[in-house]
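Read the structure below first, then the notes.
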2 protein chains.
Amino acid sequence: MNQKAVFYHAGCPVCVSAEQEVAAALDRNRYTVETVHLGETKNRLREAEEAGVVSVPALVINGQAYHINYGAPLSALK
Amino acid sequence: MNQKAVFYHAGCPVCVSAEQEVAAALDRNRYTVETVHLGETKNRLREAEEAGVVSVPALVINGQAYHINYGAPLSALK
């Protein structure tokens, strides 16, 4: 079964770059990658916070949060 | 031809986690991934800096630097 990766972003330029270069580079044969725009789907904010996400863009892989550069704090999206 | 990705680290716990979960998740069919320990190979520091790396762990994909969480500043490795 594929491992799960969630890419959280807010449409910011830093987010777009991370999505196109990092999230897009993940191996789709091993990972199911979901992309979540936290500015548009605020009901996913809590789940992101619980995974340890404090800013976007961030990748959560197997429940672990990896912030990729720095676009915006999660608090700005609430 | 495969695209190039370089994972820069310094053996720190944050680095190890990023290597095992993010660098390891890259699609090896599309990317050639090189792992560089900047604490042990200081002659690669300049190339990392020129790519925009300011802290480790960081992934440079197609010449663009993506810092993954925060382990140590590059200045601490000189």
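Reminder, nothing fancy here: chain letters follow the sequence lines and each chain counts from 1. Reckoned from all heavy atoms, side chains included, excluding hydrogens, waters and symmetry mates.
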Is [Y] reachable from [X] through a run of hydrophobic residues whose side-chain heavy atoms are each under 4.5 Å from the next?
X: A/Val53; Y: B/Ile68; answer: no
X: A/Leu38; Y: A/Val33; answer: no
X: B/Val14; Y: B/Val22; answer: no
X: B/Leu77; Y: B/Val6; answer: yes
X: B/Val36; Y: B/Phe7; answer: no

Report, as yes or no, whether the 6.0 Å neighbourhood of atom NZ on B/Lys4 holds more than 12 heavy atoms from other residues, nucleotides or ligands.
no
Test item: A/Asn69 side-chain N/O and B/Asn69 main-chain N/O as donor-acceptor pair under 3.5 Å
no
For the [atom1] atom of [X] and the [atom2] atom of [Y], what is their distance to the nearest 0.5 Å?
X: A/Asn29; Y: B/Asn29; atom1: CG; atom2: CG; result: 7.0 Å
X: B/Gln20; Y: A/Gln64; atom1: CD; atom2: CD; result: 10.5 Å
X: A/Tyr66; Y: B/Leu59; atom1: OH; atom2: CG; result: 12.0 Å

Which bit of [X] comes within less than 4.5 Å of chain A, counting heavy atoms only: side chain, backbone, both or neither?
X: B/Ser55; answer: neither
X: B/Ala58; answer: neither
X: B/Ala5; answer: neither
X: B/Asn62; answer: side chain

List the steps, then state whether side-chain contact (heavy atoms from CB on, under 4.5 Å) holds for B/Asp27 with A/Arg28.
CA-CA 7 Å; B/Asp27 185 349; A/Arg28 261 58 180 179; over 6 Å; no
